[in-house]
Structures are given as C-alpha cells and as structure tokens.
Trainee: 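Below is the structure I would like to discuss, written out as structure tokens.
We use all heavy atoms of the structure for the numbers below, so side chains are in, but hydrogens, waters and symmetry mates are not. Numbers here simply count residues along the sequence, with the first being 1.
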Amino acid sequence: MSELAAVIAGVRDLLPVLRERAQEAEDARRIPAESVKALQETGFFRLLQPKPYGGLEADPVTFYTAVKLVASACGSTGWVASILGVHPWHVGLFDARAQEEVWGEDHDVRISSSYAPMGKATVVEGGYRLSGRWSFSSGCDHCSWVLVGGPAFDGEHPVDFCSYLLPIADYSIVDVWDTVGLRGTGSNDIVVEDVFVPAHRALSFVATSKCKTPGQELNPGPLYRLPYGSVHPSTITAPIIGMAQGAYDAHVEHQGKRVRAAYAGEQSKEDPFAKVRIAEAASEIDAAWLQLTHNIDELYQLACRGEKLPFSTRLRVRRDQVRGTERSIAAIDRLFENSGGRALQRGTPIQRFWRDAHAGRVHAANDAERAYVLFGTGAFGLPVENAMV
C-alpha cells in the first residue's frame, strides 16, 4: 500500500470514533485533542506538507478526499482538519527561513489562520510591526503558529497585502466561539499587539496570485505552483460536500427505519416522494464533488507538466467551488425537509450536519455572486484583478 493510500485507509478507520465524538466536540466548542492526535497519527496533516520537512506532497484530490471523509463523520472535525491541513501547503510558499522556523525542530507543528484584513502592518527596517484582532481562527487551540492577513502600510500609504506568520509567543487567543453551527471548531479570536514580523515571515498576495513565491526555491514541485485562489477556497468547500454526504448517509439510514404515523403507519422507505428527494440530493452531492475534483486535478496535471495555468481554468475552479457549496446546501435542505420531527432532536446527526453546512456557507470563500461575477467578467474578455482566483 502506498503512503497516500495508507493515510486514506487510516482516516476511514477513524470515522466511527469521530462520529461518536461529534456531540462531544459540540459541547466542548472545540475538537477533542484525542481526535486531532489520531488524525496526526494517520499522516493526514502531512499530506500537503513539503517533503524536506517530512511531508508527503500529495496531489490535492487525495487531500480533499481525506477531508470529505472526515467531514462525513463530523462536520466540525472535517472543517478544522481541512483548514489546518492546508496551512502546511501555504507555509511551503514562504521563504525557506520561515519554513525552517516552523518545522526545523518539529515536523508535526500545526498552524491556524485568519486571513481577513482585521489588522494592520507598518513597514519597518527588516520587516513589519503588526497589530490587530482577527476572528474565526478555526482549531487555533491545537496550534502553535498562526497565519493572519492584513494590509502593509509605509507611513500612511498602503503598499501591499500580506499573510503574516507568527509563533504562539507573539499572539493570544480569546475564547469567543459560541455559535449555532460548526460549534466544535473552536474558531476563536487571535490578538496581536505591536509585534515585529521579519520580512521572511510575510508573504504578499501579489506573489501567491502570480504563483511565483519564495518557497518554490525549496519546494519546486507542482503542488507549490498552484494558485492560492484555487487551493484554499476548495479547502472550504470540500468539508461542506463531506457534510452533505454525512447528512445523506444519516438520512437514508433514518428513513430506512422510520414509520410515519401520520400516514397510517407507512414505512418511509416505501414513500416514492422520499425516494425522489434521495435521488435529487445524491445527484447534487456527486455533481459538487466531481466538479471540484476534476477542476483541481486539471490544474495539478498542468502544473505537473510545467504548463501555464490558464486564467479561464482558474476562474472555472472558483465558479464551481462556490457552486459546489450551493449544491451541497441544496442537497442537505432537501433531505432535512423530509426527515420528520424526530430529526430535530439534539444529538441527531442530520440536524447537526444541516447546521454545520449552513455555518460553513457563510465563509467569505463561499460568496457565490462575487465568484460568478469574476467568471462572467472573464467570459466577456474583460480584465479580472482578484487575489482569490
């Protein structure tokens, strides 16, 4: 068995226990440490990590497949796994000095993030002075580094927009996470107060959008020549597709045993309308998954051949990524509507998946109209300037 196949097999073996811990994660408002450790032991967090630091440099579809599996058992665990799992790829784009600082002594270091521009950096000699408060840093309690986003100013003038990489000594975590969906993700706030960030631990979004980054000197493989605007947004949609799959599996199991008292004891599995909804939902989930994996693999194969990544393909990746989220939400809604009153009970998987998927839908990467406008702009041959493509 190959290393990648062994990781997928290990993740599959974990699904029953992750499913059992789903309510525990909700109650604690964070993923159990035992679940994070178990995922680490499968090799999951090394899938997108550079080989010089013990990583597997897997193809993205393998990573998204593992994410989908985890999310099909527990939405919160899948969400955190996906986000923490993609950060080794992002750090692999940074200057080699930054990578050495992160992984030089421990290849199992984990990194959280909050990329929204909720802070401000000022250019100083050798780097930046950074301050701010960033929200929604999923899984941050399990990490010792963080990536945060924000503009860089030279005096009063903005000169760049960067991701800044900070060790845990340079930030604090404020426990604020109390939500109706993705409750178990522990997506708390990160606070930074006038910290110096050396230049090698800042990465311009201009570089990532051009797919020309300092880290490629150390990591020249095709994985690190993919666009941030393709890899990271797909990291948001993949767990939502997994949640839809988990909701589907739970619904089919539930309906197979359900007797509808209001309809003279009719068994739900004999209800033709229930079968129609199941078929519709299954088709939406399959379509979301096939588009996401086909598109990202097309980009990866182009990178493997050393060919140019067409901007039209990158626009299609974003279009179908947000569409994949919409399809998944539609599938879950269709199933939930037909699940009956008992599905509303606390602790049932279908209502948890429904809440988690809708919580994931509001992530900025799922702003469908903006992604569709970008695609339409490109279709008309007009210039598109956006770092998230």
Trainee: In sequence, state the C-alpha distance, the side-chain angles, and the governing distance for Ser204 and Asp160, and then conclude on side chain to side chain donor-acceptor pair (under 3.5 Å).
Mentor: CA-CA 7 Å; Ser204 171; Asp160 206 347; 2.9 Å; yes
Trainee: Do Glu193 and Tyr171 come close enough that some side-chain heavy atom pair is under 4.5 Å?
Mentor: no
Trainee: Can you see which heavy atom on Ser72 is nearest to which on Leu15, and at what distance?
Mentor: OG-CD1, 4.4 Å
Trainee: I need the His358 NE2 to Ile240 CD1 distance, nearest 0.5 Å.
Mentor: 10.0 Å
Trainee: Quick one, Asp333 with Trp354, criterion side chain to side chain donor-acceptor pair (under 3.5 Å). Give me CA distance, side-chain angles, the key distance, then yes/no.
Mentor: CA-CA 7 Å; Asp333 285 351; Trp354 184 85; 2.9 Å; yes
Trainee: Identify the heavy atoms of Leu335 and Tyr248 that sit nearest to each other, and give their distance.
Mentor: CD1-CA, 3.5 Å
Trainee: Just wondering, are more than 12 heavy atoms of other shown residues or ligands nearer than 6.0 Å to CD in Glu385?
Mentor: no
Trainee: Angle class for the His363/His232 ring planes (parallel below 30°, perpendicular above 60°, tilted otherwise)?
Mentor: tilted
Trainee: Could you tell me whether a side-chain N or O of Trp89 sits under 3.5 Å from a main-chain N or O of Leu223, the two making a donor and an acceptor?
Mentor: yes
Trainee: Measure the CG-CG distance between Leu182 and Asp356 for me, rounded to the nearest 0.5 Å.
Mentor: 4.5 Å
Trainee: Taking the side chain as everything from C-beta on, heavy atoms only, tell me whether Phe273 gets closer than 4.5 Å to Arg277.
Mentor: no
Trainee: If I take atom CD from residue Glu3 and atom CE from residue Met1, how far apart are they, to the nearest 0.5 angstrom?
Mentor: 12.0 Å
Trainee: Any salt bridge linking Glu326 with Arg323? Criterion: basic side-chain nitrogen under 4.0 Å from a carboxylate oxygen.
Mentor: yes
Trainee: So does Ala279 get a backbone contact from the side chain of Ser283, meaning a donor-acceptor N/O pair under 3.5 Å?
Mentor: no
Trainee: How close do Val109 and Val102 get, counting heavy atoms only, and between which atoms?
Mentor: CG2-O, 3.4 Å
Trainee: Determine the minimum heavy-atom distance between Leu84 and Ser112, stating which atoms define it.
Mentor: CD2-CA, 3.9 Å
Trainee: Under 3.5 Å, is there a donor on one side chain and an acceptor on the other for Gln321 and Asn295?
Mentor: no
Trainee: Are more than 12 heavy atoms, taken from residues, nucleotides or ligands other than Tyr300, located less than 6.0 Å from that residue's OH atom?
Mentor: yes
Trainee: Give a yes or no answer on whether the side chain of Arg129 reaches the backbone of Thr122 with a donor-acceptor pair at less than 3.5 Å.
Mentor: no
Trainee: If we ignore hydrogens and angles and just use 3.5 Å, is the side chain of Arg225 paired with the main-chain N or O of Pro220 as donor and acceptor?
Mentor: yes
Trainee: Hey, does the side chain of Ser187 reach the backbone of Phe136 with a donor-acceptor pair shorter than 3.5 angstrom?
Mentor: no
Trainee: With clusters defined by side-chain heavy atoms of hydrophobic residues (ILVMFWY) lying less than 4.5 Å apart, directly or transitively, does Phe153 cluster with Val192?
Mentor: no
Trainee: Hey, does the side chain of Tyr164 reach the backbone of Gly150 with a donor-acceptor pair shorter than 3.5 angstrom?
Mentor: yes
Trainee: So, are Glu26 and Arg21 salt-bridged, with charged N and O less than 4.0 Å apart?
Mentor: no
Trainee: For Trp289, does its backbone N or O pair with a side-chain atom of Thr293 as donor and acceptor, under 3.5 Å?
Mentor: yes
Trainee: Measure the CG-CG distance between Asp59 and Leu48 for me, rounded to the nearest 0.5 Å.
Mentor: 9.0 Å
Trainee: Okay, side chain of Trp79, backbone of Gly360: is any donor-acceptor separation there less than 3.5 Å?
Mentor: no
Trainee: Decide, yes or no, whether a salt bridge links Asp27 with Arg183 under the criterion of side-chain N to carboxylate O below 4.0 Å.
Mentor: no
Trainee: Can you get from Leu309 to Val61 by hopping between Ile, Leu, Val, Met, Phe, Trp and Tyr side chains that sit under 4.5 Å apart?
Mentor: yes
Trainee: So, does Arg318 use its side chain to make a donor-acceptor pair with the main chain of Met388 at under 3.5 Å?
Mentor: yes
Trainee: Is there a side chain to side chain contact (heavy atoms under 4.5 Å, CB included) between Arg133 and Ile190 once you walk through the steps?
Mentor: CA-CA 6 Å; Arg133 180 166 179 156; Ile190 301 294; over 6 Å; no
Trainee: Check the pair Tyr53 / Leu218 against side chain to side chain contact (heavy atoms under 4.5 Å, CB included), numbers first and verdict last.
Mentor: CA-CA 11 Å; Tyr53 291 104; Leu218 178 63; 3.9 Å; yes
Trainee: If the test is side-chain contact (heavy atoms from CB on, under 4.5 Å), which one of Thr42, Val70, Leu69 qualifies with Leu14?
Mentor: Thr42
Trainee: Under 3.5 Å, is there a donor-acceptor pair linking the side chains of Gln245 and Asp249?
Mentor: yes
Trainee: Answer with yes or no whether the hydrophobic clustering places Val322 together with Val317; edges join I, L, V, M, F, W, Y residues whose side-chain heavy atoms lie under 4.5 Å apart.
Mentor: no
Trainee: Less than 6.0 Å separating the ring centroids of Tyr128 and Phe196?
Mentor: no
Trainee: Answer yes or no: is there a side-chain heavy-atom contact under 4.5 Å between Asp189 and Ser137?
Mentor: no
Trainee: Would a line drawn from the ring center of Tyr228 to the ring center of His90 be shorter than 6.0 Å?
Mentor: yes
Trainee: Does the side chain of Gln351 pick up a donor-acceptor pair with the side chain of Arg355 at under 3.5 Å?
Mentor: yes
Trainee: Leu130, Val124: one ILVMFWY side-chain cluster at the under-4.5 Å cut-off?
Mentor: no
Trainee: Just verifying a value: how many Å separate Arg30 CZ and Cys140 SG, rounded to the nearest 0.5 Å?
Mentor: 8.0 Å
Trainee: Is the His87 ring parallel, tilted or perpendicular to the Tyr115 ring (thresholds 30°, 60°)?
Mentor: perpendicular
Trainee: Between Glu101 and His200, is a side chain to side chain contact (heavy atoms under 4.5 Å, CB included) present by the stated rule, with each step listed?
Mentor: CA-CA 10 Å; Glu101 287 177 18; His200 64 267; 2.7 Å; yes
Trainee: With heavy-atom distances below 4.5 Å as the criterion, would you say the side chains of Ile236 and Ser82 are in contact?
Mentor: no
Trainee: Under 4.5 Å between any side-chain heavy atoms of Leu315 and Arg319, yes or no?
Mentor: no
Trainee: Kindly indicate whether the side chain of Phe336, heavy atoms from C-beta on, has any atom under 4.5 Å from the side chain of Phe353.
Mentor: no
Trainee: Going by distance alone, is a donor N or O of one side chain under 3.5 Å from an acceptor N or O of the other, for Thr77 and Ser35?
Mentor: no
Trainee: Determine whether Gln49 and Glu57 make a side-chain contact, defined as any pair of heavy atoms from C-beta on separated by less than 4.5 Å.
Mentor: no
Trainee: So if you build clusters from Ile, Leu, Val, Met, Phe, Trp, Tyr with side-chain heavy-atom gaps below 4.5 Å, do Phe161 and Leu165 land together?
Mentor: yes
Trainee: Is it true that the side chains of Arg314 and Ser230 contain a donor and an acceptor less than 3.5 Å apart?
Mentor: no
Trainee: Taking Arg316 first and then Glu298, would you say they form a salt bridge - that is, a charged N and a carboxylate O separated by under 4.0 Å?
Mentor: yes
Trainee: Once you round to the nearest 0.5 Å, how far does OG of Ser234 lie from CD1 of Ile296?
Mentor: 4.5 Å
Trainee: At their closest point, which heavy atom of Pro50 faces which heavy atom of Gly92, and how far apart are they?
Mentor: CG-CA, 3.9 Å
Trainee: Are Met118 and Ser135 side-chain neighbours, meaning at least one heavy-atom pair lies under 4.5 Å?
Mentor: yes
Trainee: Is it true that the side chains of Arg46 and Gln40 contain a donor and an acceptor less than 3.5 Å apart?
Mentor: no
Trainee: Stepwise, does the side chain to side chain contact (heavy atoms under 4.5 Å, CB included) test hold for Lys51 with Leu56?
Mentor: CA-CA 6 Å; Lys51 287 183 178 179; Leu56 299 174; over 6 Å; no
Trainee: What closest approach, in Å, do Ala247 and Ile350 show between heavy atoms, and which atom pair accounts for it?
Mentor: O-CD1, 3.5 Å
